[in-house]
Amino acid sequence: MTYRVAIIGAGIGAQHLTGYASLSDRFAVTTLCDLDIERAQEAVSDTSTRVTSDLAAVISDPDIDIIDICLPPHLHFETCKAALEAGKHAICEKPLVTSLADADILADLAAKTGKQIFPVFQYRYGIGTAQLAALFKAG
């Protein structure tokens with residue numbers, strides 16, 4: 001199955017676009033949504049990905065399976081919530097939310113809708129984590 005993805009936010013979202021391109025047998029980025037249309041156009045210049053600034057239209061698009069949220073942190077909760085409520089899986093840059101209560105709301109909503117929410121957490125494999133593990137191991 002190839003999942004159809006919409007990336008929300010062309011800043012770090014441009015790097016997500018590159019990541020999806022390396023997994024083109026699994027993901028197709030159909031839409032990049034950003035208020036800065038010019039920046040979004042630059043990010044997708046070598047692709048067939050369409051650009052829009054209409055977040056509500058993207059979230060309600062029945063042809064999108066996954067909403068990849070690359071927005072400023074204060075917008076994460078509401079956008080994740082809207083994606084789940086629209087029947088989409090959500091991938092969200094860190095921090096996922098700013099409170100445990102909001103995390104609980106999203107977990108409950110994911111269970112209710114049968115959709116998944118995936119927080120980005122890539123640093124567990126970085127050099128800093130490896131160094132910390134070595135320090136723990138050394139006592």
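- Distance alone, capped at 3.5 Å, places no donor-acceptor pair between the His76 side chain and the Cys92 backbone.
- Considering only heavy atoms from C-beta on, Thr30 stays 4.5 Å or farther from Asp63 through its side chain.
- By the criterion of side-chain heavy atoms lying less than 4.5 angstrom apart, applied directly or through intervening Ile, Leu, Val, Met, Phe, Trp or Tyr residues, Val29 is grouped together with Val44 in one hydrophobic cluster.
- Ala40 and Leu32 get closest at one heavy-atom pair: O-CD2, 3.6 Å.
- Phe27 and Val120 end up in the same hydrophobic cluster when Ile, Leu, Val, Met, Phe, Trp and Tyr side chains are linked at under 4.5 Å.
- Under the rule for a side chain to side chain donor-acceptor pair (under 3.5 Å), the partners of Thr49 that lie at least two apart in sequence or sit in another chain are Thr47.
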Val51 and Asp34: CA distance, side-chain angles, deciding distance, side-chain contact (heavy atoms from CB on, under 4.5 Å) verdict: CA-CA 8 Å; Val51 169; Asp34 196 286; over 6 Å; no
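- A single hydrophobic cluster is not seen to contain both Leu96 and Ile7; linkage of ILVMFWY side chains at heavy-atom distances under 4.5 Å, directly or through other members, places them apart.
- Atom CD1 of Ile127 and atom OG1 of Thr129 lie 9.0 Å apart (nearest 0.5 Å).
- Taking the six-membered ring where tryptophan is involved, the planes of Phe118 and His89 are tilted, since the angle between them lies from 30° to 60°.
- A continuous path of hydrophobic side-chain contacts links Ile105 to Ile117 [ILVMFWY only; heavy atoms under 4.5 Å].
- Applying the salt bridge (charged side-chain N to carboxylate O under 4.0 Å, His left out) definition to pairs two or more places apart or across chains, none involves residues 102-117.
- Taking Ile, Leu, Val, Met, Phe, Trp and Tyr as hydrophobic and joining them when side-chain heavy atoms fall under 4.5 Å apart, one finds Leu55 in a cluster with Ile8, Val58, Ile59, Ile64, Ile67, Ile69, Leu71, Leu75.
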Show which side-chain atoms of residues 9-22 pair as donor or acceptor with protein atoms under 3.5 Å away, not counting sequence neighbours.
{"unit_1": "His16", "atom_1": "ND1", "unit_2": "Asp68", "atom_2": "OD1", "d": "3.1"}
{"unit_1": "His16", "atom_1": "ND1", "unit_2": "Asp68", "atom_2": "OD2", "d": "2.7"}
{"unit_1": "His16", "atom_1": "NE2", "unit_2": "Glu93", "atom_2": "OE2", "d": "2.7"}
{"unit_1": "Thr18", "atom_1": "OG1", "unit_2": "Ala14", "atom_2": "O", "d": "3.4"}
{"unit_1": "Tyr20", "atom_1": "OH", "unit_2": "Asp68", "atom_2": "OD2", "d": "2.8"}
{"unit_1": "Ser22", "atom_1": "OG", "unit_2": "Gly19", "atom_2": "O", "d": "2.7"}

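- Here Ile37 contributes atom CD1 and Thr52 contributes atom OG1; the two are 6.0 Å apart, rounded to the nearest 0.5 Å.
- The two atoms that bring Ala110 and Leu84 nearest to each other are N-CD1, 4.2 Å, heavy atoms only.
- Thr98 is not listed as a side-chain neighbour of Pro73, based on a closest heavy-atom distance of 4.5 Å or more.
- Every residue meeting the side chain to side chain contact (heavy atoms under 4.5 Å, CB included) condition with Lys81, not counting sequence neighbours, appears here in chain and number order: Phe77, Glu78, Glu85, Leu106, Leu109.
- With sequence neighbours excluded, the residues forming a side chain to side chain donor-acceptor pair (under 3.5 Å) with Arg4 are Asp65, listed by chain and number.
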